Amino acid sequence: MSGCTPPEELVGYGAVLEYKNPLTDAWVTVGGTKDLSLPERTRGALETTSGASGRWRKYRPGVMREQSSVSYDMNFIKSQWFVLNAMVNDDVIYEWRVVQMEDPEQFYYQFCGFVINLGDEFPMEELVTSTIEIQPSGAPSWGNLV
């Protein structure tokens, strides 16, 4: 895989957020910040005993895993803020990835999800400070770009 080169406006940021354009199959960088947290992942457990006898209940790992929604306060590229604003109103699930730019191997975390919230700041400058919330939908993957 080739590395990620952020747009000039975002050079120097520690992490960038990207989505895959379904028409061109290319990754589009939408914003950056110092740190981006990954969606919290949880795993359920199934109780195998009723707990009625003895003092212990026994559990086994459940088959379902879940990713929580994630909110990012970041600086968005003005032109991409309008694209993200449109995503709030559509019913499309996009591929997203968080790329850690300060890592020489550019570690990334990738997941499918849809935008459920976007701050209402109207862009007047080249970088828009706003908050986006994405609800993951599907299994995550990760790796290195270089």
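Model, not experiment: these values are computed from the prediction.
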Any luck finding a side-chain donor-acceptor pair between Gln67 and Glu40 under 3.5 Å?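 No, Glu40 and Gln67 have no side-chain donor paired with an acceptor closer than 3.5 Å.
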We want to know whether Glu133 and Ser69 form a side-chain donor-acceptor pair, criterion being a heavy-atom distance below 3.5 angstrom.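 There is such a pair between these side chains.
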Spacing of [X] atom [atom1] and [Y] atom [atom2] [to the nearest 0.5 Å]:
X: Phe82; Y: Leu84; atom1: CZ; atom2: CG; answer: 11.0 Å
X: Ser137; Y: Ile93; atom1: OG; atom2: CD1; answer: 3.5 Å
X: Thr33; Y: Phe76; atom1: OG1; atom2: CZ; answer: 9.5 Å
X: Asp103; Y: Asn144; atom1: CG; atom2: CG; answer: 6.0 Å
X: Tyr94; Y: Asn21; atom1: OH; atom2: CG; answer: 8.0 Å
X: Gln80; Y: Leu127; atom1: CD; atom2: CG; answer: 12.0 Å

Heavy-atom closest pair, residues [X] and [Y]:
X: Pro136; Y: Ser68; result: CD-O, 3.4 Å
X: Met74; Y: Gly31; result: CE-C, 3.2 Å
X: Pro104; Y: Val146; result: O-CG2, 3.0 Å
X: Leu145; Y: Val99; result: CD1-CG1, 3.8 Å
X: Arg41; Y: Tyr109; result: CD-OH, 3.2 Å
X: Leu118; Y: Ser130; result: CD1-OG, 4.3 Å

Taking it one step at a time, do Ile77 and Val128 satisfy side-chain contact (heavy atoms from CB on, under 4.5 Å)? CA-CA 6 Å; Ile77 300 169; Val128 182; over 6 Å; no
Show the numbers, then the answer: is there a side-chain contact (heavy atoms from CB on, under 4.5 Å) between Glu95 and Trp27? CA-CA 9 Å; Glu95 288 184 67; Trp27 287 100; 3.9 Å; yes
Verdict with reasoning, Glu66 to Thr42, per side chain to side chain donor-acceptor pair (under 3.5 Å): CA-CA 5 Å; Glu66 185 176 321; Thr42 58; 5.1 Å; no
Shared hydrophobic cluster, [X] / [Y] (ILVMFWY, side-chain heavy atoms < 4.5 Å):
X: Val115; Y: Val28; value: yes
X: Val83; Y: Val98; value: yes
X: Met87; Y: Val92; value: yes
X: Tyr72; Y: Phe107; value: yes

Whether Trp96 and Tyr19 hold their rings parallel, tilted or perpendicular, with breakpoints at 30° and 60°: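 Rings of Trp96 and Tyr19: tilted, 30 to 60°.
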Any side-chain heavy-atom pair from Phe114 and Asp90 closer than 4.5 angstrom?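 The answer is no, as the side chains (C-beta and beyond) never meet within the 4.5 Å cut-off.
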Quick one: does Val88's side chain get under 4.5 Å of Ile116's, heavy atoms only?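 Sidechains of Ile116 and Val88: no contact.
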Between Asp25 and Lys20, is the side-chain contact (heavy atoms from CB on, under 4.5 Å) condition met? List the steps. CA-CA 6 Å; Asp25 211 33; Lys20 187 179 265 190; 3.3 Å; yes
Apply side-chain contact (heavy atoms from CB on, under 4.5 Å) to residues Gln106 and Gln100 and explain how you reach the verdict. CA-CA 5 Å; Gln106 291 187 345; Gln100 301 295 331; over 6 Å; no
